[in-house]
Amino acid sequence: MSDYIPQGIEPKWQAKWEADGLYHADIDKSRPKHYALMMLPYPSGDLHIGHWYAYIPPDARARYMRMNGYNVLFPIGFDAFGLPAENAAIKRGTHPKEWTYKNIEKMQQQMRLMGSMYDWRRVTVSADPEYYQWTQWFFIQLFKHGLAYRKMSPVDFCPQCNTTLAREQVWGEDRHCERCGTPVIKKDLEQWFFRTTRYADELLSFAGMDWPERVRVLQTNWIGRSEGASVTFKTAPSGDDKTGHVLEVFTTRPDTLWGATFMVLAPEHPLVNKLTTPEHRKEVAAYKKLAARQSDIDREATDKEKTGVFTGGFAINPVNAEKIPVWIADYVLMTYGTGAIMAVPAHDQRDFEFARKYGLEVRVVIQPEGLEPLDGATMPGSVPASGTMVNSGPLTGTSADEAFHAAIKFLEKKKLGKGAVNYKLRDWLISRQRYWGAPIPMVYCQKDGWNPIPEDQLPVLLPDDVAWKPTGESPLKLHPTWKNTTCPVCGQPAERETDTMDTFMCSSWYHLRYLSPHYHKGPFDPREYDYWMPVDVYTGGIEHATMHLIYTRFFHKACRDMGITRGDEPMIQLRNQGMVLGEDHEKMSKSKGNVSAPDELVKRYGADAVRSYLVFFAKWDMGAPWSHTGIEGTFRWLKRVWALFTGPSAPGSCSAETKQNLRRKVHQTLRHVTHDYENFEFNTVISGLMELMNEMYTARQAGAAGTPEWQEALDIYLRMLAPVCPHIAEELWTVVLGKPYSVHTQSWPAVDEVAAREDEITIPVQVNGKLRDRIVVPAEAGEDQIRSAALASETVQKFLAGKAPRKVIVAQKKLVNIVI
RNA sequence: GGGGCGGUGGCGGAAUUGGCAGACGCUGCGGACUUAAAAUCCGCCGGUGGUGACACCGUGAGGGUUCGACCCCCUCUCGCCCCACCA
């Protein structure tokens, strides 16, 4: 008997599995397919424990699925474009490409230590020309179908990274850059957008998808659908404004239109200058300047007291022809709705606060049930929407619930407005003034405007010889020759787009490239697509709920409508892992010094112990703090497993009862472990295997070794162990037990329900809901038998003290409760 | 302000979903082996009282439903995360 030395067996098996192509996944129509996809890593240079936590449980589950007869595709790749490469390059003076590919190589070596079942032939790197050629191709398809367009737009700009940021990449209350933390500023640039908003409604539906509630809620809120009405106001002629202007607003409360006593425009609203009367010009200009200079921190703080100024202008309320003042205030945002609101202070708290501060009229139009008639002049706050309409022209007397639709009907009839829907979701800004990304394959010609590069000329290669230092301009723009080309339409000299694409574009379709990473007739081989898609289970971090996971859904739906993909959704099932914290319960970070490095752990305990601890120490979707003594526990367990299999197994004398108990425990464990693998409850897989091992030690003590029941236990144990601990399972299976290579191509055992059944069951007996005794009855005992056994219990009789029970509840085979 | 998740021993967590609370592991304590240490093995380990059998209390707090509640309902509270003046 030798000791368990993982370092001696793990590299051996990793090399053999790879040499044998054990994990190659190819189309095989005789088996059902299973596409298990993990969010691909960014090649930051080091595989940390969080990567392992994200990747090991899905690997174990993919292995489990394979043993269940599925043809499992389990690929890996790298999201290789992006800012960190440039930031690192600037810091170290190495080329982003060199930095990135060096990191990829290092991380691949680290990944091999994990012993995962990746099909290494399918590795995909988004910065490879053979990959981004097709990213560019997709861009052109979107452009050709009117889903990509250019727009001048105020964008968030990070002065540190010298790049624009998507709304989703601006973080925190202080609105800082996702990457470097610098507060963002606004800048006007003409850029490329994708029409994600066209799919807003469809993205709200999760029909047929098994996605966590949390993610669905996040996406729903992010898309932010509001139903209401757009209402057309006219401004009253005043000052230079001789004719009046059309002023459209969006409201979710058209029913309160009769209570609108003023209007508020965003300071940036284009009508502000036209409406402002000469005597208010100075004040308005000062406020606008203040609002513009103000950082978004101040502007978006909800607890801030509302401010604003009167423009001197008036608008006409279309429903009652009243003249109401027009104000500007920074609590109205130019980026939502039309940048203008009708203010109904009696029924909106924000408007109420504003009205009270500036002495504006508050007019009640909904009288809540059972309250004294409200007086706008004295009411202490706005009131909500249920009650009866008052002061509301034709709506007066209707209930507020009906008034919403009645008001829209009224507006539509009078042609003053119509029902409308608004979204918080914006179109996806994909332009980046950066070097390390996929070039946008577009050409600008003075005569023919913007046209795509002909598809047979793709990829538009990213030149290696650029100064990638941040200059405020795209480095590609500064390249002496790169941008010079000819117009694909007229052949005259023209200029390339020098911006590159948001890397979320690259990661929106990588799951398709895995299908055929070297295919050159298209982004993917349709035969592979037909077999493997859609993704059956997608795993990754919750942080991508509103970015990547919306983009990739949009991308798939857009491709479906362009005839490129099929089906409505790319990923059927989604599961998110939690986070591994440091031993101090804080997020792991180098600066805090609480990082556990997987390479060192593997060196010390072996990959199998690290793998099993990672699945054991927390519920996978919750995460938990790391513990260096905790991993000693799983390492100890594997040593005990090793000793169990390699220890003395000479047949002894053994009772039938021992053998039966062993089989029972084996099949009960199998039932429970099967359930847990199915449901991503990996932590209890390990505890189940630990319990069974303890039971097997007891059985061996009782002489079970060498019996057929013992052999069965060993066999099933290794099959259950193999997904989490592939190396030790293979060694014990192939070498120690001498069974045919490989344990990983074995089938998942079937539960023998007869063996798993108990002959006798122990039933707790309660008196008045308190546990007083336990009785042992035959498993097939009926209710009457259980009842009389419970009543016969001495302890129960003691508590009954001679009295007859009022009621006896027998919960089928689970519990007896005697009520006195 | 809105939404989500969560609160179970010293710690991570079990409890197959309304039926024995604390599985499994870590830590700690006691013991065996050893010249000693490591490793390994055995035992104890929610609280209070009791030598003990046992009794009482106990899943953030309070209430409710139920024969029975960690689980369902209501009120509150604390922690984490997301969104946030969205008209």
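Chain letters run A, B, ... following the sequence lines, proteins first and then strands; every chain starts at 1.
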Whole-Å gap separating C1' (A84(B)) and CZ (Arg350(A)): 11 Å
C41(B) pairs with which nucleotide, Watson-Crick or G-U wobble, both distances below 3.5 Å? G31(B)
Answer yes or no: is there an ion pair linking Lys665(A) with Glu695(A), defined by an N-O contact shorter than 4.0 Å? no
Pick base, sugar-phosphate or nothing for Arg772(A), based on heavy-atom distances below 4.0 Å to the nucleic acid. sugar-phosphate
Spacing of Tyr4(A) atom OH relative to U40(B) atom P, expressed in whole Å: 14 Å
Pairing partner (Watson-Crick or G-U wobble, both distances under 3.5 angstrom) of A55(B): U48(B)
Pair Asp3(A) + Lys639(A), salt bridge at N-O below 4.0 Å: no
First encountered from the 5' end of RNA chain B, between Gly337(A) and Lys639(A): Lys639(A)
If the glycosidic angle is within 90 degrees of 0 it's syn, otherwise anti, so just tell me which one G60(B) is. anti
Under a 3.5 Å limit on both distances, the Watson-Crick or wobble mate of C5(B) is G79(B)
Rounded C1' spacing from U66(B) to G19(B) in Å: 12 Å
Nearest to the side chain of Glu691(A) - C83(B), C20(B), C24(B)? C24(B)
Parallel, tilted or perpendicular: rings of Phe682(A) and Phe680(A) (30°, 60°): perpendicular
How many Å lie between CZ on Arg426(A) and C1' on C86(B), as a whole number? 8 Å
Thr232(A) side chain reached by Pro318(A) side chain, heavy atoms, under 4.5 Å: no
Go ahead and name the base partner of C86(B); Watson-Crick or wobble counts if both distances stay under 3.5 Å, otherwise write none. none
Thr646(A) side chain to Tyr4(A) side chain, donor-acceptor N/O pair below 3.5 angstrom: no
In whole angstrom, give me the gap between the P atoms of C67(B) and A14(B). 31 Å
Rounded to the nearest 0.5 Å, the CG atom of Leu689(A) sits from the CE atom of Met696(A) at a distance of 10.5 Å
Regarding U17(B), purine or pyrimidine glycosidic angle vs 90° from 0 gives syn
Identify the two heavy atoms, one from Ala756(A) and one from Arg671(A), that lie closest to each other, and give their separation to 0.1 Å. CB-NH1, 4.1 Å
On a whole-Å scale, what distance lies between the P atoms belonging to A15(B) and C72(B)? 15 Å
Without decimals, in angstroms, what is the distance between Ile223(A) CD1 and C86(B) P? 19 Å
Checking contacts here: which listed nucleotide (C41(B), G3(B), C85(B)) is nearest the side-chain heavy atoms of Arg640(A)? C41(B)
Identify whether NZ of Lys or CZ of Arg in Arg553(A) sits under 6.0 Å from the centre of the six-membered ring of Trp211(A) and within 45° of that ring's axis. yes
Sugar-phosphate or base contact per nucleotide [nucleotides 4-19 of chain B; S, B, -; heavy atom under 4.0 Å]: S-S-----BSS----B
Complementary nucleotide for C24(B) - Watson-Crick or wobble, under 3.5 Å: G12(B)
What's the CD-C1' distance between Glu695(A) and A23(B), to the nearest Å? 13 Å
What distance, rounded to whole Å, do you find between the two C1' atoms, one in C78(B) and one in C26(B)? 27 Å
P atoms of C5(B) and C85(B), separation to the nearest Å: 23 Å
Rounded off to whole Å, could you give me the CD-to-P distance for the Gln701(A) and C41(B) pair? 13 Å
To the nearest 0.5 Å, atom OG1 of Thr251(A) lies from atom CD1 of Ile408(A) at 9.5 Å
Could you state the CG-C1' distance from Asn694(A) to U40(B), rounded to the nearest angstrom? 15 Å
Between Phe617(A) and Tyr53(A), how do the two ring planes meet: parallel, tilted or perpendicular, split at 30° and 60°? perpendicular
Output all residues satisfying salt bridge (Lys or Arg N to Asp or Glu O under 4.0 Å) with Asp621(A), sequence neighbours left out; order by chain, then residue number. none
Return whichever of Leu771(A) or Tyr697(A) has its heavy-atom-nearest nucleotide of RNA chain B closer to the 5' end. Leu771(A)
Taking the C1' atom in each of G62(B) and C24(B), what is the distance between them to the nearest angstrom? 34 Å
What one-letter contact string describes nucleotides 26-33 of chain B from 5' to 3', where B marks a base within less than 4.0 Å of any protein heavy atom, S marks contact via sugar-phosphate atoms alone, and - marks no contact? SS------
Using the P atom on both, measure A38(B) against C33(B) and round to a whole Å. 15 Å
Using every non-hydrogen atom in the two residues, find where Phe250(A) and Ala420(A) come nearest and quote the distance to one decimal. CE1-O, 3.7 Å
Could you work out the separation of C54(B) and G43(B) based on their C1' atoms and round it to a whole Å? 22 Å
From CG of Asn576(A) across to C1' of C81(B) the rounded distance in Å is 13 Å
